[in-house]
Amino acid sequence: MNNIIDGTKVAFKIREQIKNLIEKEKITPQLAVIQVGDNKASDVYIKNKKKACEEVGIKFELIKFNTTISEELVINEIKRLNNDISVNGILVQLPLPVGFDEGKIINEINPVKDVDGLTYQNVGNLVLENDCLVPCTPLGVMELLNAYNVSLASKNVCLVGRSNLVGKPLIQLLLKANATVSVCHSKSLDIKNYTKQADVLIVAAGHPNLITKDMVKEGVVIIDVGINKEGNVLCGDVDFEEVSKKSSLITPVPGGVGPMTVSCLLKNVVKAYKIQN
Ligand code: NAP
């Protein structure tokens, strides 16, 4: 099928561009990741980030604490990294263990080093359309649409999911691109009314097969952000088999948005370096 969006290919191209830029400009950006506890999924995500950083020439440091660490000591570590001029990006791996105040901890990160784009300052700047560090997955979605020349101006874009990490930043990015945006969530009644009208449908709900072929119109562009595990198989939120027959473009899972998230993190680290230098 030639309607499949190849996220792995686009993500690889971005990594090559970053690698070339780092070599050409002889710069040494550095990312520090703080991990608290031993979440197995986080271990995998961090390993992927480390590998991607090292491949393009970004220095990677992991600061790992066990769950007995106090919130205050985590914040002290963030303050130390804020003051370390060799560190350009700081990322607190989420979720933090129960009992840690994620908002409070993340907002200790200096906004110019906040490569996840989650501090209040970056969130506010995104809403106000000021240049800022934008969360990696929403950025990856926009980069994918751009790579496949999907124009958004005046288009009906339906977003399923309104999380702080994915859905809400996407609302802002889509509005900035002059799309007409409708947003569905778990309390929406009959989301088919909205998904059916979409020229572009972006789904980030975390429910396998939430979107079925009767819910989309012919020729729709589908971006499936969801990552779900069914047995040992990864799948998205869209019934790919059936919906892909009606769509003009569609992302697979895996191999769609996932690889773009890591590439956009690398982009943000380089952007943070440039802001600081
Ligand atoms: P989240 O924080 O759990 O948010 C899910 C959102 O979907 C919420 O807004 C929720 O509504 C909405 N929702 C849940 N069930 C729904 C339903 N039946 N109908 C309509 N809306 C529904 O999740 P997230 O962090 O945004 O992640 C969403 C998915 O993307 C997950 O599968 C996650 O693994 C994946 N993800 C992928 C990447 C990547 O790199 N590809 C990155 C991040 C996340 P309420 O607000 O009403 O609860």
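Just so you know, ligand 1 is whichever comes first in the structure, and atom 1 is the first atom listed for that ligand.
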Pick out which of Gln17, Arg15, Glu143 makes a side-chain hydrogen bond (donor to acceptor under 3.5 Å, both in side chains) with Ser263.
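Between Ser263 and the candidates, side-chain hydrogen bond (donor to acceptor under 3.5 Å, both in side chains) is satisfied uniquely by Arg15.
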Protein contact for atom 15 (N) of ligand 1 (heavy atom, distance under 4.0 Å)
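Yes, at least one protein heavy atom sits under 4.0 Å from atom 15 (N) of ligand 1.
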Using a 4.0 Å cut-off to any heavy atom of [X], which atoms of ligand 1 qualify?
| X | answer |
| --- | --- |
| Gly226 | 29 (C), 30 (O), 32 (O), 35 (C) |
| Val160 | 20 (C), 21 (N) |
| Gly258 | 40 (O), 41 (N) |
| Thr261 | 39 (C), 40 (O) |
| His207 | 14 (C), 15 (N) |
| Gly161 | 6 (C), 7 (O), 9 (O), 12 (C) |
| Val166 | 26 (O), 43 (C) |

Return the residue, atom name and 0.1 Å-rounded distance of the protein heavy atom closest to [atom].
| atom | result |
| --- | --- |
| atom 8 (C) of ligand 1 | Arg162 N, 3.9 Å |
| atom 2 (O) of ligand 1 | Ser163 CB, 3.4 Å |
| atom 18 (N) of ligand 1 | Leu210 CD1, 3.5 Å |
| atom 36 (N) of ligand 1 | Val225 O, 3.7 Å |
| atom 3 (O) of ligand 1 | Ala205 O, 4.6 Å |
| atom 22 (C) of ligand 1 | Ser186 N, 3.6 Å |
| atom 21 (N) of ligand 1 | His185 C, 3.1 Å |
| atom 31 (C) of ligand 1 | Gly206 CA, 3.7 Å |

A quick test of your reading: do over 12 heavy atoms of other residues, nucleotides or ligands sit less than 6.0 Å from NZ of Lys13?
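Open.
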Thinking salt bridges, do Glu77 and Arg80 make one under a 4.0 Å N-O criterion?
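Salt bridge: yes.
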Asp190 and Lys196 ion-paired at < 4.0 Å:
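The answer is no: the pair does not qualify as a salt bridge.
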Only one of Asn110, Leu81, Leu31 clears side chain to side chain contact (heavy atoms under 4.5 Å, CB included) with Val87; which?
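Testing Val87 for a side chain to side chain contact (heavy atoms under 4.5 Å, CB included) against Asn110, Leu81, Leu31 leaves exactly one candidate, Leu81.
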What about Ile227: any of its N or O atoms under 3.5 Å from an N or O on ligand 1?
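Checking ligand 1 against Ile227, an N or O pair does fall under 3.5 Å apart.
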Interatomic distance, Ile34 atom CD1 to Ile105 atom CD1 [nearest 0.5 angstrom]
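So the CD1 of Ile34 and the CD1 of Ile105 are separated by 8.5 Å.
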To the nearest 0.5 angstrom, please state how far the CG atom of Asn146 sits from the CG atom of Leu152.
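These two atoms lie 9.0 Å from each other.
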State if Ser188 counts as touching ligand 1 under the rule of any non-hydrogen atom under 4.0 Å.
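In this structure, Ser188 fails to qualify as a contact of ligand 1 - no heavy atom is under 4.0 Å.
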